[in-house]
Novice: 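One structure is given below, represented as structure tokens, and several questions about it will come after.
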Amino acid sequence: MRKILVAGNWKMNGSKAMVNSLLDGLLEGSRDERNVDMAVFPPFPYLAEVQKKLEGSEIAWGGQTVNPQEKGAHTGEVAASMLLDFACRYVLVGHSERRSIYGESDEDVAKRFAAALEAGLEPVLCVGETLEEREGGITESVVGRQLDAVLERSGVKSFENAIVAYEPVWAIGTGKTASPEQAQAVHAFIRDKFAALDAIIAGQLRILYGGSVNGSNAADLFAREDIDGGLVGGASLKAEDFLAIRNAVD
Ligand code: PEP
């Protein structure tokens with residue numbers, strides 16, 4: 001059975017004091033054994049703080065994005081080697097806010113994914129459709145296209161060390177979670193797509209669901225065959241809310 005991963009994307013939220021109390025709460029509340037891995041994705045300035053607190057614990061951490069270049073004139077961006085300097089294990093790639101607000105195309109996302117992997121980070125590739133696309137009946141073609149951009153550049157084997165997060169854009173930060181049936185249907189589509197290329201990789205691939213996950217809906221989502229965890233935004237900012245999601249894992 002694939003181990004559930006509960007990942008918290010803090011986005012552009014937090015302060016030094018908040019980071020410390022949140023991490024203290026998570027460390028305190030996650031001592032019991034469960035079939036679950038945890039990870040947090042803080043804003044870049046807090047990575048040192050997070051590393052200091054979490055090193056040696058079961059909770060991993062990562063960056064919220066990465067630039068495809070190794071270094072140079074890219075003001076405001078962060079290289080994979082810099083994330084590794086702070087012992088990041090993961091990095092989010094292609095989060096819908098990066099795609100919609102900062103204009104990252106499928107091609108940009110594929111480059112970031114490749115650079116992350118090449119450097120030794122585990123990319124969490126975010127894909128998902130807008131409400132308009134869902135209502136237009138093109139969810140699978142949108143998600144398929146987003147995956148193809150990465151598969152064409154990096155190949156299916158690259159997913160031995162990567163994670164996919166299905167995040168319907170209409171469910172992110174809106175309080176409108178996809179139903180477990182809706183999420184499972186897209187997760188099955190994603191797994192089938194990988195299975196057509198490599199059955200072993202498809203079987204091992206962790207596919208997270210993201211979009212208004214909370215302590216009340218997490219258990220139903222995680223119980224579905226192809227949902228291997230959650231990428232959590234809002235509910236990852238309070239230790240008790242994030243732990244409620246973790247504790248929803250059987
Ligand atoms: C996210 O930021 O990836 C996310 C899923 O946010 P929320 O849980 O707040 O919908």
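Each ligand, and each atom within it, is numbered from 1 in the order the structure gives.
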Novice: Indicate whether the side chain of E129 and that of W170 have a donor and an acceptor atom separated by less than 3.5 Å.
Specialist: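 Judged by distance alone, the side chains do pair up.
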
Novice: Quick test: of every protein heavy atom, which one is nearest to atom 2 (O) of ligand 1, and how far off is it to 0.1 Å?
Specialist: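 Here the nearest protein heavy atom works out to K11 CE, 2.6 Å.
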
Novice: Salt bridge check, R98 against D108: does any charged N sit closer than 4.0 Å to a carboxylate O?
Specialist: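 No.
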
Novice: Any chance you could measure L22, atom CG, to L27, atom CG, to the nearest 0.5 Å?
Specialist: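 L22 atom CG to L27 atom CG measures 9.5 Å (nearest 0.5 Å).
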
Novice: In terms of residue, atom name and distance, what is the protein heavy atom nearest to atom 5 (C) of ligand 1?
Specialist: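 That would be E167 OE2, 3.1 Å.
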
Novice: Report, in ascending order of atom number, the atoms of ligand 1 lying under 4.0 Å from any heavy atom of G211.
Specialist: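 In order of numbering, the contacting atoms are 5 (C), 10 (O).
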
Novice: Residues two or more places apart in sequence or in another chain: which of them pass ring pair (Phe, Tyr, Trp, His ring centres under 6.0 Å) with F242?
Specialist: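 Listed in chain order: nothing, the list is empty.
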
Novice: Are the side chains of L208 and I163 in touch, meaning some heavy atoms are under 4.5 Å apart?
Specialist: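 In short, these two side chains touch, coming nearer than 4.5 Å.
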
Novice: Tell me whether ligand 1 is touched by A171 - counting only heavy atoms on the residue side and a distance under 4.0 Å.
Specialist: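 Yes, A171 has a heavy atom closer than 4.0 Å to ligand 1.
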
Novice: For atom 1 (C) of ligand 1, grab the closest protein heavy atom and report residue, atom and distance to one decimal in Å.
Specialist: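 Among all protein heavy atoms, the one nearest atom 1 (C) of ligand 1 is H95 NE2, 3.3 Å.
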
Novice: Tell me the nearest of G233, G173, G175 to atom 10 (O) of ligand 1, using heavy-atom distances.
Specialist: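 Considering heavy atoms of G233, G173, G175, the nearest to atom 10 (O) of ligand 1 sits in G173.
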
Novice: So, N217 side chain and V213 main chain: donor-acceptor pair closer than 3.5 Å or not?
Specialist: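 Judged by distance alone, no pair lies under 3.5 Å.
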
Novice: To check your reading of the model: name the closest protein heavy atom to atom 9 (O) of ligand 1, its residue, and the distance in Å.
Specialist: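 Checked against all protein heavy atoms, atom 9 (O) of ligand 1 sits closest to G234 N, 2.8 Å.
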
Novice: Side chain of R2, backbone of Q204: donor and acceptor closer than 3.5 Å?
Specialist: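 No, R2 side chain to Q204 backbone: no donor-acceptor pair under 3.5 Å.
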
Novice: Does at least one non-hydrogen atom of A235 fall below 4.0 angstrom from an atom of ligand 1?
Specialist: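 The answer is no, since A235 has no heavy atom less than 4.0 Å from ligand 1.
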
Novice: If we set the cut-off at 4.0 Å for heavy atoms, which region of I172 has an atom near ligand 1: side chain, backbone, both, or neither?
Specialist: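 Both backbone and side chain of I172 come within 4.0 Å of ligand 1.
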
